[in-house]
Participant: 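I am attaching a structure below and will ask some questions about it afterwards.
Below, chain A is the first sequence line, B the second, and so on; all start at residue 1.
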2 protein chains.
Amino acid sequence: MSKQGASLPVIDLTGDTPCCPPLAQRRVPAETAAVLAPAFKALGDPVRLQLMSMIASAEGGEACVCDLTPAFDLTGPTISHHLKTLREAGLVDAERRGTWVYYRARPAILRQLAALLTIEPTSAE
Amino acid sequence: MSKQGASLPVIDLTGDTPCCPPLAQRRVPAETAAVLAPAFKALGDPVRLQLMSMIASAEGGEACVCDLTPAFDLTGPTISHHLKTLREAGLVDAERRGTWVYYRARPAILRQLAALLTIEPTSAE
DNA sequence: CGCCTGTCTTGACGTCCGTCGAATCAGACA
DNA sequence: TGTCTGATTCGACGGACGTCAAGACAGGCG
């Protein structure tokens with residue numbers, strides 16, 4: 001995973017990005033929206049949402065492509081494409097160990113997205 | 001808002017949909033992914049993410065289109081199109097009162113999305 | 001070394017998306 | 001009733017997306 005790992009425009013949202021006041025608390029600035037929207041977009045496909053869940057909930061916190069692919073009625077390249085999308089959105093990390101490639105969730109950005117959507121129970125309705 | 005309000009395929013995610021165990025806790029089933037992914041997709045555009053925030057954080061919990069539109073360098077029809085997308089994703093409700101149309105966030109689905117992304121602090125990394 | 005298996009990239013195709021201008025609809029007001 | 005303003009819909013355009021088949025690359029093993 002050396003080449004693509006270096007060439008991909010990996011978004012750095014590992015924790016120090018100023019982003020997190022809930023969406024309903026104050027208006028999200030355009031720059032923040034531009035940074036976070038691609039992450040939501042990446043989750044906006046049923047296949048990727050399931051992939052993300054399978055990776056995040058996997059034993060040991062990581063999942064092998066060889067386990068991911070057969071779970072869908074899609075070709076290998078298509079799954080690979082979706083995983084690349086998740087990688088470019090900063091949602092997962094990939095690592096090759098021998099024959100297989102393992103994907104691992106990045107909890108920091110997931111927490112940021114969750115925080116953005118969080119609403120206090122006393123919010124209208 | 002009579003005609004379009006009735007004809008749109010409004011998604012009912014008001015609370016009784018079985019959906020909410022965190023993404024990282026157990027694998028999201030295909031049906032759940034198919035229902036929730038469109039909501040993430042709707043938030044996957046910077047303009048819509050800002051619109052959502054402006055609506056959710058507005059005084060009184062609602063925002064007028066006349067206040068939303070001038071906040072962007074986009075035409076009225078384009079903003080209207082994005083608002084329709086948010087509406088169809090079940091993220092907002094629209095109501096016409098006299099001359100103006102007001103949009104209001106639907107906290108239930110926001111909470112569902114937030115819950116899905118929630119991760120316990122003790123999750124790898 | 002050569003082959004095999006697993007994964008990714010490339011190129012292509014059809015579809016969906018974001019945007020706009022023009023036309024249309026809904027209320028308010030004279 | 002007619003007209004004006006605000007919001008949506010319609011039709012169109014360029015670009016991005018999801019998918020696949022075919023080819024290329026990486027690592028293990030004989």
Participant: Base, sugar-phosphate, or nothing: which does B:His82 touch, judged by heavy atoms less than 4.0 Å apart?
Facilitator: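 Sugar-phosphate, backbone atoms only, no base.
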
Participant: Compare the minimum distances between each of D:dG6, D:dC20, D:dT8 and the side chain of B:Thr99, then state the nucleotide with the smallest one.
Facilitator: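 The closest nucleotide is D:dG6.
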
Participant: What is the distance, to the nearest angstrom, from the CG atom on B:Leu68 to the P atom on D:dG6?
Facilitator: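 Value for this atom pair: 15 Å.
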
Participant: Tell me the interatomic distance from B:Leu83, atom CG, to D:dG6, atom P, rounded to whole angstroms.
Facilitator: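 The distance from CG of B:Leu83 to P of D:dG6 comes to 16 Å, rounded to the nearest Å.
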
Participant: Please give, in whole Å, the distance from C:dT15 P to B:Lys41 NZ?
Facilitator: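 So the two atoms are 15 Å apart, to the nearest Å.
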
Participant: Here's a test of your reading of the structure: between B:Asp73 and A:Thr69, which maps to the more 5' nucleotide of DNA chain C?
Facilitator: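 So the residue in question is A:Thr69.
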
Participant: D:dG6, C:dG18, D:dT8: which one has an atom nearest the side-chain heavy atoms of B:Arg96?
Facilitator: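 Looking only at side-chain atoms, B:Arg96 lies closest to D:dG6.
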
Participant: Examine D:dT19: is either OP1 or OP2 under 4.0 Å from a nitrogen or oxygen in the side chain of A:Thr75? Give yes or no.
Facilitator: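 For D:dT19, neither OP1 nor OP2 has a side-chain N or O of A:Thr75 closer than 4.0 Å.
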
Participant: Looking at A:Thr69 and A:Val65, would you say the former's side chain and the latter's main chain have a donor-acceptor pair under 3.5 Å?
Facilitator: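 Such a contact is found between A:Thr69 side chain and A:Val65 backbone.
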
Participant: Could you state the atom-to-atom distance from CD of B:Glu95 to C1' of D:dG6 in whole Å?
Facilitator: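 From B:Glu95 CD to D:dG6 C1': 16 Å.
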
Participant: Please determine, for the side chain of B:Thr78, which listed nucleotide (D:dG18, C:dC8, C:dT19) has the closest atom?
Facilitator: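 The closest nucleotide is C:dT19.
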
Participant: First locate atom CD1 of B:Ile55, then atom CE of B:Met52, and finally report the distance between them rounded to the nearest 0.5 Å.
Facilitator: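 So the gap between those two atoms works out to 6.5 Å.
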
Participant: In whole angstrom, give the distance that lies between atom OH of B:Tyr103 and atom P of D:dG6.
Facilitator: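 Going from OH in B:Tyr103 over to P in D:dG6 covers 16 Å.
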
Participant: Kindly point out which of D:dG18, C:dT9, D:dA16 is positioned nearest to the side chain of A:His81?
Facilitator: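 Out of D:dG18, C:dT9, D:dA16, the nucleotide with an atom closest to A:His81's side chain is D:dG18.
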
Participant: Classify the nucleic acid contact of A:Gly98 as base, sugar-phosphate or nothing, counting any heavy atom under 4.0 Å across all strands shown.
Facilitator: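 Sugar-phosphate contact only.
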
Participant: When rounded to the nearest 0.5 angstrom, what is the spacing between OG1 in A:Thr118 and CG in A:Leu113?
Facilitator: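 Between atom OG1 of A:Thr118 and atom CG of A:Leu113 there are 10.5 Å.
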
Participant: Over how many whole Å does the gap from B:Lys84 atom NZ to D:dC10 atom C1' extend?
Facilitator: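 The distance from NZ of B:Lys84 to C1' of D:dC10 comes to 10 Å, rounded to the nearest Å.
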
Participant: Whole-Å distance between D:dC17 P and A:Leu86 CG?
Facilitator: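 Interatomic distance, CG of A:Leu86 to P of D:dC17: 13 Å.
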
Participant: Locate the shortest heavy-atom distance separating A:Val28 from A:Ala33; write the atom from each residue and the value.
Facilitator: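 In terms of heavy atoms, the two residues are closest at CG1-N, 3.7 Å.
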
Participant: Between D:dT9, C:dC16, C:dC8, which nucleotide has the shortest distance from any of its atoms to the side chain of A:Val101?
Facilitator: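 The listed nucleotide nearest to A:Val101's side chain is C:dC8.
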
Participant: Could you check whether B:Leu74 gets within reach of a base, just the sugar-phosphate, or nothing at all, counting any heavy atom under 4.0 Å?
Facilitator: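 The answer is sugar-phosphate, as B:Leu74 gets under 4.0 Å only of primed atoms, P, OP1 or OP2.
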
Participant: Starting from P on D:dC17, measure out to CZ on B:Phe40 and report it in whole angstrom.
Facilitator: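 Value for this atom pair: 19 Å.
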
Participant: Has B:Ser57 got a side-chain atom pairing as donor or acceptor with B:Ser53's backbone, closer than 3.5 angstrom?
Facilitator: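 Between the backbone of B:Ser53 and the side chain of B:Ser57 there is a qualifying donor-acceptor contact (under 3.5 Å).
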
Participant: Considering every strand and a 4.0 Å limit on heavy-atom distances, what is the contact class for A:Arg48: base, sugar-phosphate, or nothing?
Facilitator: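 Sugar-phosphate, no base atom in range.
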
